[in-house]
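Presented below is the structure to which this report refers.
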Amino acid sequence: MAMETMLDLLAKASYLLAALLFIFGLKRMSSPVTARAGIVQAGWGMVLATAVTFIAPSTWGGHGIEPLNLGLMVLALALSGVFWVWGRKVPITDMPQMVAIFNGMGGGSAAAIGAAALLNAATFTGSCDAQALAAHDCMTRPGMVLGVIGALIGAISFSGSVIAWAKLDGRLDKRFTFPGQQYFNLLVFLATLALGAWIIVDLDIPLVVAFFVLALLVGVLMTLPIGGADMPVVISLYNALTGLAVAFEGYVLGIEALIIAGMVVGAAGLLLTQLMAKAMNRPISNVLFSNFGGGDDGGQEIAGSQKPIEASDVAALLYLAEKVVFVPGYGMAVAQAQHKIWDLSQALIKAGKDVKFAIHPVAGRMPGHMNVLLAEAGVPYDLIADMDDINPEFKTTDVAIVIGANDVVNPAAKTDKSSPIFGMPILDVVDARQTIVIKRGKGTGFAGIENALFYADNTRMLYADGKEAATRLLSELKALEGGGH
């Protein structure tokens, strides 16, 4: 008994240390300068929390000093090693899909914990004393309430994240709507809540099974109509839901580290979701209950035509320019052009040009996507400007170069009230003296909306792969500089 008490104190102290590592690690992730160190720090917190689980009395289930389901715990760790190897090999263009599916696994794990606890309690016929509670053979009423809530949130996050992954990976059509869809979704959600309440009053295995089927269906139905342009917000929201689900199930298991870590992740995810929705000037309810970005080419018809330009002419503009702003988007990630763009930028900086990179809060397909790309290429943090900081500078910018960005630079968001993106804050690239758009073709962006910027009088289109275009521009620029000397 004394040994069990000592191990219990050691486990609680270790969980507290792990929680502190999570919190301080998350704080360091708020800055690009310290983000990598913060991730490592939080990772060590997770290693500590996982290791302690093997000695924590709460995992013994009242059946002796040995963890329950030891084989399954080891198997889970082995599988995590496989996913770690896979994660290291995922290309940067597939990072949003990986984040979505990994987040779904977290929600699925929380839902599985809730399912196991509820099903175990449903089959228990003995007295719900202290020993039965320690063995997780039964649940108190507060524990059952939190278990149901955590299971509901986790199941929605799991199935919703799977749909988000399928959309981002191109395995599922970006649009799926039908008349009265939101009312139907609401009815399914209310039915799920009713089953959850029924379980709390009268715990029964068929009810638990039906509850989880409906909860998973809610996640699917809620995500299907959401368009691609909203996916960064959706991923962030599901991340927050996963955190909350983990916190609730941490209470069910009596593990403090899960409670603290889950609440930290949930709070951070909700804050990020709110900030991203604000960046799009749309309430979260509008993201969840509309099909913006679903592929409808709305808005006024755009007059004029796209005007092509050759790389040699773009190089001449850059040679004469004093201030240049690069605007990266998902197309740059697809082309893996970030390194070549940085090489071009360094040549311009060496020639005495004022060079900056403009980042929209929802550029790419996940939060911080463009920041990760530029950091990978070695772009200094002081050259990367947020939307609010860079927008006033476009009027004094000689050349703005857009690489693969589309919806986040569309001036229709400010000028066309019939446009689906009207009201969304954008990068004011159209205000630059000359805009060059590097694009492989004339297609629309992920939101399926025609871009008025491409038809503007001061815009020229350089049709090429991003990496190829940057290489050609660098070569032409060096030729001009050599001829000048």
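- Taking 4.5 Å as the limit, some side-chain heavy atom of Ile153 sits within range of a side-chain heavy atom of Leu241.
- Across all their heavy atoms, Val252 and Ala117 have their closest contact at CG1-CB, 4.0 Å.
- Side chain of Asp386 to main chain of Asp388: no donor-acceptor pair is present (N/O by atom type, distance under 3.5 Å, no hydrogens or angles).
- Judged by distance alone, with hydrogens and angles left aside, the side-chain atoms of Glu393 form no donor-acceptor pair with the main-chain N or O of Ile390 at under 3.5 Å.
- The two residues Leu258 and Gly250 make their nearest non-hydrogen contact at CB-CA, 3.6 Å.
- Considering only heavy atoms from C-beta on, Thr34 stays 4.5 Å or farther from Met29 through its side chain.
- The heavy-atom pair separating Gly466 from Ile403 by the smallest distance is CA-CG2, 4.4 Å.
- Formation of a donor-acceptor pair under 3.5 Å by the Lys439 side chain with backbone atoms of Val402 is not found in this model.
- For the residue pair Ser161 and Ser157, the shortest heavy atom distance occurs at OG-O, 2.6 Å.
- Using a 4.5 Å heavy-atom cutoff, the side chains of Val218 and Asn185 are not in contact.
- Ring geometry for Phe357 versus Phe326: interplanar angle under 30°, hence parallel rather than tilted (30 to 60°).
- When all heavy atoms of Val334 and Arg440 are compared, the closest pair comes out as CG1-NH2, 3.7 Å.
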Identify each donor-acceptor pair in which a side-chain atom of residues 36-44 lies under 3.5 Å from a protein atom, sequence neighbours left out, and give them as a table.
none

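- With hydrogens and angles disregarded, a donor-acceptor distance shorter than 3.5 Å links the side chain of Thr123 to the backbone of Asn120.
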Side-chain donor/acceptor pairs under 3.5 Å, residues 372-385, sequence neighbours excluded:
from, atom 1, to, atom 2, distance (Å)
Glu376, OE1, Gln338, NE2, 2.7
Tyr381, OH, Pro32, O, 3.1

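- Tested against His360, the residues Val327, Val409, Asp407, Val408 include a single side chain to side chain contact (heavy atoms under 4.5 Å, CB included) partner, Val408.
- The backbone N or O of Gly269 lies less than 3.5 Å from no partner atom in the side chain of Asn239, so there is not a single donor-acceptor pair.
- Using a 4.5 Å heavy-atom cutoff, the side chains of Phe211 and Val148 are in contact.
- Proximity of a side-chain donor or acceptor of Glu249 to a complementary backbone N or O of Ala151 within less than 3.5 Å is detected.
- The closest side-chain heavy-atom distance from Trp86 to Phe102 is below 4.5 Å.
- The nearest pair of heavy atoms linking Trp165 to Gln97 is CD1-O, 3.3 Å.
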